[in-house]
Amino acid sequence: MDEINEVYDKLGGIISKDDFTRKVEEKVEQMSGLCDTKTAAMLVAHDLGVSDAGDNQLQKISGITANSGNVKFIAKVMSVFPAKEFNRNDGTIGRVANIMVADETGSVRLTLWDDRADLVKTGEIEVGQTYQIAGYVKEGYSGVEVNIGNNGVFCQSDENIEARIDSKQIKDIQNGMGDLNIRARILDISDIRTFNKKDGSTGKVANILIGDETGKIRVTLWDEMADLTTELEIDNSVEIINGYARENNFNQQVEMQVGNRSTISKIEDEVEFKEDFTSISDIIPGESYSISGQVSGLGEMREFNRDDGTVNMVSNIYVSDDTGRIRIALWGDHALLVDQLDIDMAVEIIDAFSKSGFNDEIELSAGNRTKINIR
DNA sequence: CCCCCCCC
């Protein structure tokens, strides 16, 4: 027993003495008596990320990289994702679940298997709990993940952890990013739409527009996440955990996606947002812009038939600022605004899409995602 | 995975 104690003392309390002893016994059994207790204890210690050199330091999450190998640390649960079942080659049913944990230096995704994945299913693992964790690092679907394998440790701790989620700023969001955490203000909320998936089932989708001090981005919420939009209001500040960024294939704008691996929740801290208006002379085709200026031209409202036979309305106005003048096509209900507008009225056109239009001149399209303020 | 920027 002394020899177990000696090894145990190097572990820095990452695991209880009882658990350690049990693991050592299991290890002896696994090795079919081919190793003694001391060796088994050292093997278990090694599995827990403790080297013979007595390196029993707990790591911080910020120091975990794809090459870290075995790691151990203490962290707080920030989000829990649904467990999934899969079939193993031997016919048994495996279970896997992911949770996101954080310490004061950053956050990392954990992968739990089988019995531990079941703890997710039963709700025993909850946001806010703190755990002692030992596992091995691998490069996962969306970056570095810590796997808690058979020899890993995952036990609750009463340590007080100051968890920090490293939020990105909206301006830094790039196509392809995963595990994206954002704190932002809600600028707009869409209705929930349903659609048919390729597999024949019905999907749900909704959008919100969010902004922070650095910019704004459209967020797409899928299925059960789409329902959450009914609980949100414009000007709420929210935190999105584990979103991902994808370019849409319509106008190549990068959007943030919120699916079943993500969470969105209201936060107390208010995130500030200020609209960034572009000078008219700086507008190039193929982008979304907001401009502020005066009405400098008004056209007539017209109805027209689209190819699919539906009727729509359009009117054209011109807006000028210190730098130039641009034509703006107002579609749908926006077309009716020509009745309220007069030359020299101050207007803000928020989120209109630019393109090269009639006579190759750049114009803005004010569609259903555009907001128009008369000031 | 959805919406879609369309007129003269």
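Letters go in sequence order (proteins before strands), and every chain restarts at 1.
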Residue pairs passing the ring pair (Phe, Tyr, Trp, His ring centres under 6.0 Å) test with at least one member in residues 103-127 of chain A, sequence neighbours excluded, are none
Side-chain donor-acceptor contact under 3.5 Å, [X] with [Y]:
{"X": "A:E275", "Y": "A:S290", "value": "yes"}
{"X": "A:S292", "Y": "A:E348", "value": "no"}
{"X": "A:T111", "Y": "A:E145", "value": "yes"}

Going 5' to 3' through nucleotides 1-6 of chain B and flagging B where a protein heavy-atom sits under 4.0 Å of the base, S where only the sugar-phosphate is that close, and - otherwise, we get BBBBBB
Item to complete: Select base, sugar-phosphate, or nothing to describe what A:E363 touches, counting heavy atoms under 4.0 Å on all strands.
Response: base
Taking the six-membered ring for Trp, are A:F304 and A:W331 ring centroids under 6.0 Å apart? yes
